Visitor: 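Below you will find the structure I want to go over with you.
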There are 2 protein chains.
Amino acid sequence: MATQRTIAGPCTAWPEDSAFIREVLDRIGDKWTVLVVSTLGAGPLRYSDLQASVPGISQRMLTVTLKELERDGLVTRTAYPEVPPRVVYELTDLGRSLLASVMPLAGWAAEHHGTIAAHRRAHATTGVGRAATRAG
Amino acid sequence: MATQRTIAGPCTAWPEDSAFIREVLDRIGDKWTVLVVSTLGAGPLRYSDLQASVPGISQRMLTVTLKELERDGLVTRTAYPEVPPRVVYELTDLGRSLLASVMPLAGWAAEHHGTIAAHRRAHATTGVGRAATRAG
DNA sequence: CGGTATCCTCACTGATACTG
DNA sequence: CAGTATCAGTGAGGATACCG
């Protein structure tokens with residue numbers, strides 16, 4: 001193989017979208033977005049059902065996450081002006097496409113879970129880095 | 001009884017790997033992992049070249065990221081005991097497979113960048129959410 | 001050159017309380 | 001029911017200084 005001297009890296013691969021890609025990665029890396037999106041992947045849900053479906057989420061984070069998603073056009077918000085207020089959230093096509101793009105990653109994670117766990121143990125066993133758990 | 005129906009969220013979709021999936025998502029969501037991995041995707045690089053290839057990264061974060069990656073078996077570290085020390089990092093097959101799984105997501109981001117940006121503008125224009133910036 | 005150790009900041013997150 | 005407002009804790013990440 002030719003000696004590749006072009007260091008360049010990711011910036012070369014992603015001309016100027018890199019900032020936006022980081023943004024998306026940040027989003028999917030945040031604690032709730034993927035959970036909420038995948039939950040909505042099963043179908044439209046109202047606020048309270050959503051909160052029930054994503055066990056640990058707080059009202060604040062659900063609201064914040066939902067607003068981000070709506071703002072980006074990944075979910076739609078439909079409020080019915082009824083007496084007990086009812087608001088339904090639903091994935092848009094864009095949202096579904098994101099979900100579809102994230103799924104493979106979840107698949108990768110599930111598939112290689114064992115391999116990685118094993119490597120971690122091996123890494124610890126062979127004492128590659130440090131064996132010391134904590135310097136006293 | 002419809003008191004509490006099974007919403008069937010993400011937990012249903014991902015039986016028990018969900019914790020690990022979150023872990024992977026956290027990892028790829030962190031600021032540097034994907035940048036480093038994708039940079040190494042072009043070929044092996046030594047520490048300093050890596051730092052040069054990922055502009056904003058600090059020594060600390062490069063080291064931390066690299067250690068995480070090595071620990072998980074995503075990259076290999078090869079140190080040559082020469083006079084000016086030389087350490088080369090390279091993606092393993094596992095690392096390459098992660099990169100291959102992340103790429104589509106980057107592709108998704110690049111593809112829908114415009115759509116999302118447009119939606120954000122529309123969202124702002126139509127004033128969907130809020131008019132009041134601060135409660136006064 | 002290739003790290004390691006330490007301090008510091010501040011953005012993300014959660015708990016709580018209140019409103020329409 | 002569906003949010004909004006506010007306060008406080010945590011820890012990822014950056015700057016700096018030093019070692020092998």
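Just so it is clear: chains get the letters A, B, ... in the order the sequence lines come, proteins before strands, and each one is counted from 1. As the structure is a computational prediction, the values presented were derived from the model and not from experiment.
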Visitor: With no hydrogens and no angle check, is any side-chain donor or acceptor of A/S38 less than 3.5 Å from a backbone partner on A/L35?
Guide: yes
Visitor: To the nearest angstrom, how far is A/E70 atom CD from D/dA2 atom P?
Guide: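 These atoms are roughly 15 Å apart.
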Visitor: Name every residue in residues 77-90 of chain A that has at least one heavy atom under 4.0 Å from any atom of DNA chain D, in order of residue number, or write none if there are no such residues.
Guide: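 The stretch gives A/R77, A/P85, A/R86, A/V87, A/Y89 as the residues lying under 4.0 Å from the strand, ordered by number.
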Visitor: Rounded to whole angstrom units, what separation is found between the NZ atom of A/K31 and the C1' atom of D/dA12?
Guide: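 Going from A/K31 (NZ) to D/dA12 (C1'), I get 14 Å.
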Visitor: Pick the nucleotide of DNA chain D nearest each of A/Q59 and B/D30; which residue has the one closer to the 5' end?
Guide: A/Q59
Visitor: Hey, quick one: are B/V88 and B/V54 part of the same hydrophobic cluster, counting side-chain heavy atoms closer than 4.5 Å, chains of contacts allowed?
Guide: no
Visitor: Just wondering, do B/V36 and B/Y89 contact through their side chains at under 4.5 Å, heavy atoms?
Guide: no
Visitor: Measuring to OP1 and OP2 of D/dG13, would you say a side-chain N or O of B/S58 lies under 4.0 angstrom away?
Guide: no
Visitor: Give a yes or no answer on whether the side chain of A/T92 reaches the backbone of A/G73 with a donor-acceptor pair at less than 3.5 Å.
Guide: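 Indeed, once roles are kept as given, a pair shorter than 3.5 Å links the two residues.
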Visitor: If we only count heavy atoms from C-beta on, is the B/L50 to B/L66 side-chain gap below 4.5 Å?
Guide: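 Yes, close enough: below the 4.5 Å cut-off.
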Visitor: Is there a donor-acceptor pair closer than 3.5 Å between any side-chain N or O of B/R22 and the backbone N or O of A/G29?
Guide: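 Side chain of B/R22 to backbone of A/G29: a pair is present.
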Visitor: In whole Å, I'd like the distance from the CG atom of A/L25 to the C1' atom of D/dG13.
Guide: 17 Å
Visitor: Heavy atoms from C-beta onward define the side chain here; which of C/dG14, C/dG3, D/dA15 lies closest to that of B/R60?
Guide: D/dA15
Visitor: Can you tell me if the side-chain N/O atoms of B/R46 get under 4.0 Å from OP1 or OP2 in C/dG2?
Guide: yes
Visitor: In whole angstrom, what separates B/Q51's CD from C/dT4's P?
Guide: 13 Å
Visitor: Give a yes/no on whether any side-chain N or O of A/K67 is located under 4.0 angstrom from OP1 or OP2 of D/dG3.
Guide: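 A/K67 to D/dG3 OP1/OP2: no side-chain N or O under 4.0 Å.
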Visitor: Assign each of A/W32 and B/T63 to its nearest nucleotide of DNA chain C by heavy atoms, then name whichever residue's nucleotide is nearer the 5' end.
Guide: B/T63
Visitor: For B/L62 and C/dG3, give me the distance from atom CG to atom P, rounded to whole Å.
Guide: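 After rounding, the gap between these two atoms is 8 Å.
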Visitor: Indicate the ring-plane relationship of A/F20 and B/H113, choosing parallel, tilted or perpendicular according to the 30° and 60° boundaries.
Guide: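 Plane angle under 30°, so parallel.
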